[in-house]
Each structure stands twice: as C-alpha cells, then as structure tokens.
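Remember, it's 1-based here, ligands and their atoms both numbered in the order they're listed.
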Amino acid sequence: MAFRLALPQIQLVDFDPEGVLLIRGQAGSGKTTVLLERAQALLRTYPRATVLVLAFNEALSSRARRTLGAAVAEGRLEVRTLHDWAKTLARHEGVQFPPGFWADSTTRERFLGNILKRPSMNIQGTRLEAWTVSQWSDEVEWLIGQDIQSLEDYLDTPRRGRGRSGGPGREDRAKVWAVFEQYRKELSAKGKHDLHDILGLIRKASEQSQKPQPQKASFDFVLVDEVQDLDLAWLKAVASIARVGTTFSGDFAQRIYRRHFTWKAAGIELPPARSRFLAGTHRNPRAIVALAQKVLGEADPSADTGFESPSPDAMLDDGQDHVYFIQHPQVREARKRALLHAVDCWKGGRDVVIAVPFRRIADESIKVLGELGTKAGFLQRRDLADRDGAVLPLTTFHQMKGLECEDLVLLGMEDDLFPGWFLSDLQGAELEDKQAELRNLLYMIVTRPRRSLTLSMGGKVCRFL
Ligand SMILES: Nc1ncnc2c1ncn2[C@@H]1O[C@H](COP(=O)(O)OP(=O)(O)OP(=O)(O)O)[C@@H](O)[C@H]1O
C-alpha cells in the first residue's frame, strides 16, 4: 500500500473481531481498503483461522484478489462473489449444474410469459392484466429476494424499500402468488434454478448433505463488501457463514439496485456501537465532492440503515477545477467533443474511462471513435477492473460500482435520457422511488474519478445536476 491508513481507518481494521461490525462511509472514504486490511490483520492475529471475503461482483473480487494476493495464493483466505461461493458449496454437496441450469431474467420472463397466457391463472379482468412481463419478473425477483415462503408471508410483508411502493394490492396478491408458485414448479420440473435465488441454492445444498449446515459452509471470519446492494435473502445466507465474526462495509447512498433488507429481518443484531462511519474521501477532489453532494440532494435512501450524506471535510484540494461540462445544443456534437477529450487523456497515458447509461450509446461511441482512428472497447467485469490501457475503455454506469479511475467522461447527461428514459410510464411513489435510485446511481458514478470528471450533454441538462 502506497499510503498510511488514517487513524479512524486503523481503528476499524483492529476493531473487535468477534460479532458483527458494519463499516459505513461516503464514497472514497476507504471502506473497501479497510475491509481488505482487516482481512489481512485477522490472518496475522489468527494464523490458523479461515477467512472468506465476499465481493459484490467479479470486478470487485479481482480487485480484492490483487490486494490479498499472497494470502489467497497460500490458500489461507478465499475471495468469492456470493454467487460463486454458493455454487462451490452446492457443488461440494453433490448438486449438479447441467447446461441450462441457471434461469436468468430472460428465461424467467419466458416462463412467466407462458404461464400468464393460461386462463387458469385468473388474471383476466383484474388490474394485473395491465402488468408487463418485466413487471411480473420484478415481482418474482422481489419475492425471491425477500425470501417470501407463503401467501401469508406475502400478505404480511410490508412494501418497504425503494422501488416497492407500486406492488400489487392485497386483493391481487393471491393471484400473483399462484403465478409465482407455478413458476417455481415449472422451473424445478425443467431442472432449472433462478439465478437470483442464492439462498434457495444453499438450502438445496443443505438438503443434499442432510446436515443443518453443509460442510465447508463455515468460515471463522467473513468480510462482505458493498452490503447495501444485497437482498434480504442474500443477507440471510451470509449471516449464517461466520463462526466468529462478520464485517460488512457499504454506503447506502450508493444503493443502485431495487433490493432491500433490514438487519433485524436477516436475524442480525447490530448495536449502534458496531455501526461505524468513515467520513471524508481519499479519492475525489473538492469540485467532484461538491457536485456529488448536489446530486444526492436531500435523498434519504433508507432511514433504517443509517444513511449520512457526504461530508465536506477532508476532501482532497489542490485548488483546481476538476469538473467539466461539455454542452452543445446537438447531442451528437457534445458527445463527439467529450470523446475527443477522452482520447486526449488516453493518449496522454492517463487512466480514463468513458461511462454511459446504456450499452447502445457505448456501441455508437466506439464507432465514432473508430472513425476518429482510436481503438476503443466495451469493457465489463474483470476486464474493466484489470484494464491495461490497450484500448480506450467504455462501460455502463453500473459496471463502475466500487471501481475508480483517474479521469471519467460521462456521456448521456441529457435530462430526457438520464433520468427521463427510465422514468417514462412511472407515476406517484413509484416515480419518486425510481428517481431516488437513479440519484444514487449518479452519485456512485460521479465519485469514481481521482482526478477529473467530464460530463457531456446536448439540450436540457440532467435534473440531478
Ligand atoms: N488513508 C488513505 N490515504 C490515502 N489514500 C487512501 C487512504 N485510504 C484509502 N485510500 C485510497 O482512496 C481510494 C478510495 O478507497 P476505497 O475504494 O477503499 O473507498 P470506498 O469507501 O470503498 O469507496 P466507494 O464506496 O466509493 O467504492 C482508493 O484509491 C484507496 O487506495
């Protein structure tokens, strides 16, 4: 590590290893750094302990592996995504994964589409008839994510959490439940498993091993990054792994998916003394933090999870302006200028990333860059985390979660595109929920760069800026 940890960070690295610790903090405050340092400190203190680091996705597990290289190589510590861990566990217990085992959202929608055509589902003539397959798929994902096991549970579960306000009324839930049960039955009959259903997979492994806790399910210490984006069912799965202590880190202002949990519902005791906040940023210059604060506005993503807005203290400040707006009445021209700026940075050997709200804009931009003689590529997952400058990287906002770069260029900051495109057809509480989620997404993405942020927009500027 090229720097010394600050005192509040050291205190969290060394914080009592037994029980639960939650490390909260604003973007760039060093949550992941502290989490990974803590994993190493635990190994130093308890050389025979088993340690599992759960990263949110492949890009972040790649970052963690790089930092924890030696311990991973020696087999003293495992770094996995939650999905990967559940899969390894299930495989160890003899669960088979034949081709086509996983039902992703496209497969889920196909199954649901077929089920919904059947008159026996009794949807005709109800409000549910107006639902799109993608709304059905969202509701199924919510049922899985909240670990709802019966119609009674479904009727009793409050519609809490962002993105849930528009759920079906009580009178329609029995019908939704029938569709959900049918989906599960048909999926199982075809030997498939819903990709979102991690807890279900672990339960399958338990049944197979005929033990309450399958072998290899436990580690002495578990450290979980980006906890804000876990679903309740995932958190329940995680909560049962550690024999001694679990450390979570996360920032609820960066919750960018429609998922929700409460610690209590997951069976996790979290006394206030064990929920610690890291203030300040070690990543962003002052101008970027100021913009990030504006983006977040008055948002309160979740009162029960202890959100705090970014602090103006401890920002990096070298007296320069690091936020650039590229505005032009024509979107195409604004984008071209922003792309040329990115090319300049890239040719100057800087670690620049271009991020866009939709894949389509990335593909169009790669074409434009090709015409300008620059080799650009769409990168995601590990390729993005391990980028080496061979191509000028483009990616979507979500892919940059937990990552950082030197310079960031954002395309598509026109209001009718971001957030407008995502909000069409929404009203009332659902509209507000979605807006809040997109604010978080924009907050996350604008806080990625260490040096400069460039935003391109043609026409009306994104309302969050
Ligand atoms: N004490 C420190 N001194 C200097 N740099 C630091 C310090 N702590 C962390 N950093 C650096 O600051 C950056 C942000 O750290 P990190 O990614 O751990 O923050 P985070 O809170 O997890 O961020 P985010 O929530 O935005 O993903 C990294 O480049 C990290 O190396």
Side-chain angles (χ1 to χ4, degrees), residues 1-14 21-41 53-57 59-69 79 223-230 247-257 275-286 288-289 291-293 295-296 301 305-311 313-318 322 350-351 353 355 384-385 387 395 397-408 439-453:
M1 206 163 42
F3 52 83
R4 281 193 183 176
L5 292 180
L7 188 60
Q9 294 179 319
I10 295 171
Q11 285 167 343
L12 293 180
V13 169
D14 297 335
L21 169 65
L22 169 63
I23 302 168
R24 294 177 294 124
Q26 71 181 73
S29 55
K31 299 177 294 295
T32 303
T33 305
V34 168
L35 193 85
L36 300 182
E37 275 299 308
R38 186 166 160 86
Q40 297 179 90
V53 171
L54 286 174
F56 186 79
N57 57 26
L60 296 174
S61 71
S62 184
R63 171 184 171 181
R65 272 206 192 91
R66 251 197 323 264
T67 309
L68 303 168
V79 178
L223 301 102
V224 188
D225 202 6
E226 306 277 343
V227 67
Q228 74 278 357
D229 279 323
L230 263 52
T247 308
F248 297 101
S249 72
D251 173 9
F252 289 90
Q254 293 184 60
R255 177 136 70 182
I256 60 171
Y257 296 99
S275 172
R276 298 300 179 101
F277 188 79
L278 284 174
T281 170
H282 296 280
R283 180 189 297 133
N284 309 128
R286 183 173 292 270
I288 292 181
V289 177
L291 185 80
Q293 283 177 312
V295 166
L296 219 43
T305 39
F307 166 76
E308 284 173 57
S309 72
S311 145
D313 304 330
M315 287 187 264
L316 309 182
D317 188 8
D318 61 5
H322 295 268
R350 295 222 298 265
D351 170 32
V353 171
L384 185 62
R387 64 193 182 276
T395 195
F397 291 0
H398 283 88
Q399 297 286 328
M400 279 302 282
K401 175 185 176 59
L403 300 178
E404 60 183 26
C405 56
E406 196 174 359
D407 302 284
L408 182 72
R439 261 185 200 281
N440 286 6
L441 178 61
L442 192 58
Y443 172 71
M444 180 280 284
I445 190 74
V446 301
T447 52
R448 296 309 95 197
R450 291 189 300 271
R451 186 181 177 282
S452 80
L453 171 69

**Evaluation steps, side chain to side chain contact (heavy atoms under 4.5 Å, CB included), between H322 and L453** = CA-CA 6 Å; H322 295 268; L453 171 69; over 6 Å; no
**Message:** Could you go through Q26 and T281, starting from their C-alpha distance and side-chain angles, then the distance that decides it, and tell me whether this counts as side chain to side chain contact (heavy atoms under 4.5 Å, CB included)?
**Reply:** CA-CA 7 Å; Q26 71 181 73; T281 170; 4.0 Å; yes
**Prompt:** When you look at D407 and D351, which way does the side chain to side chain contact (heavy atoms under 4.5 Å, CB included) test go after all the steps?
**Reply:** CA-CA 6 Å; D407 302 284; D351 170 32; over 6 Å; no
**Asked** For I288 and R283, what are the C-alpha separation, side-chain angles and deciding distance, and is it a side chain to side chain contact (heavy atoms under 4.5 Å, CB included)?
**Response** CA-CA 10 Å; I288 292 181; R283 180 189 297 133; over 6 Å; no
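Counting protein heavy atoms only, atom 14 (C) of ligand 1 is closest to R283 NH2, 3.6 Å. Protein heavy atom nearest atom 12 (O) of ligand 1, with residue, atom name and distance: H282 CB, 3.3 Å. Given atom 29 (O) of ligand 1, the protein heavy atom at minimum distance is E404 OE2, 2.6 Å. Atom 8 (N) of ligand 1 has Q9 NE2, 3.1 Å as its closest protein atom, hydrogens excluded (heavy atom only). For atom 18 (O) of ligand 1, the closest heavy atom belonging to the protein is T33 OG1, 2.5 Å. If you check which protein heavy atom lies closest to atom 3 (N) of ligand 1, you get F3 CD1, 3.4 Å. The protein non-hydrogen atom at the shortest distance from atom 19 (O) of ligand 1 is G30 N, 3.0 Å.
Listed here is the closest heavy atom pair of T395 and V353: CG2-CG1, 4.1 Å. Shown here for L441 and F397, the closest heavy-atom pair between the two residues is CD1-CB, 3.9 Å. Annotation for L384 and M400: closest pair CD2-SD, 3.8 Å, computed over non-hydrogen atoms. Looking at every heavy atom in both residues, E226 comes nearest to L60 through CG-CD1, 3.9 Å.
Judged purely by atom type and a 3.5 angstrom limit, R63 has no side-chain atom pairing as donor or acceptor with the backbone of A385.
For the salt bridge (Lys or Arg N to Asp or Glu O under 4.0 Å) test with E404, the passing option among R451, R448, R450, R387 is R450; the others fail. Of the residues H282, Q11, E37, the one that meets the side chain to side chain contact (heavy atoms under 4.5 Å, CB included) test with L5 is E37. Checked options K401, R255, R439; the residue passing with M444 is K401 (criterion: side chain to side chain contact (heavy atoms under 4.5 Å, CB included)). With R24 as the fixed residue, the side-chain hydrogen bond (donor to acceptor under 3.5 Å, both in side chains) test singles out one of S249, S275, S29: S275.
Atoms of ligand 1 found under 4.0 Å from any heavy atom of K31, numbered from 1 in the order shown, are 18 (O), 19 (O), 20 (P), 21 (O), 22 (O), 23 (O), 24 (P), 25 (O). Close approach to Q26 involves these atoms of ligand 1, each under 4.0 Å from a residue heavy atom: 21 (O). Close contacts of ligand 1 with A6, meaning ligand atoms under 4.0 Å from a residue heavy atom, involve 1 (N). Taking every non-hydrogen atom of R63 and a distance limit under 4.0 Å, the qualifying atoms of ligand 1 come out as 16 (P), 17 (O), 18 (O). When each atom of ligand 1 is checked for a heavy atom of A27 under 4.0 Å away, the hits are 25 (O), 26 (O). Heavy-atom contacts of G402 reach the following atoms of ligand 1: 27 (O) (cutoff under 4.0 Å). For ligand 1 and Q254, the ligand atoms under 4.0 Å from any heavy atom of the residue are 24 (P), 25 (O), 26 (O). Heavy-atom proximity to R4, at under 4.0 Å, picks out these atoms of ligand 1: 1 (N), 2 (C), 3 (N).
At a heavy-atom cutoff of 4.0 Å, ligand 1 is contacted by no atom of E37, backbone or side chain. Counting heavy atoms under 4.0 Å from ligand 1, residue R450 does not touch it at all.
Close to ligand 1: R448, with a non-hydrogen atom less than 4.0 angstrom away. For the ligand labelled ligand 1, residue L5 lies inside the 4.0 Å heavy-atom shell. In this structure, G25 does not count as a contact residue of ligand 1, since none of its heavy atoms falls inside 4.0 Å of the ligand. Taking 4.0 Å as the cut-off, K401 does not count as a neighbour of ligand 1 on heavy-atom distance.
For a threshold of 3.5 Å applied to N or O pairs, the pair formed by S29 and ligand 1 contains at least one separation below that value.
Side-chain atoms of N284 and T447 include no donor-acceptor pair closer than 3.5 Å.
Nearest to atom 23 (O) of ligand 1 by heavy atom, out of G28, G280, S249, is G28.
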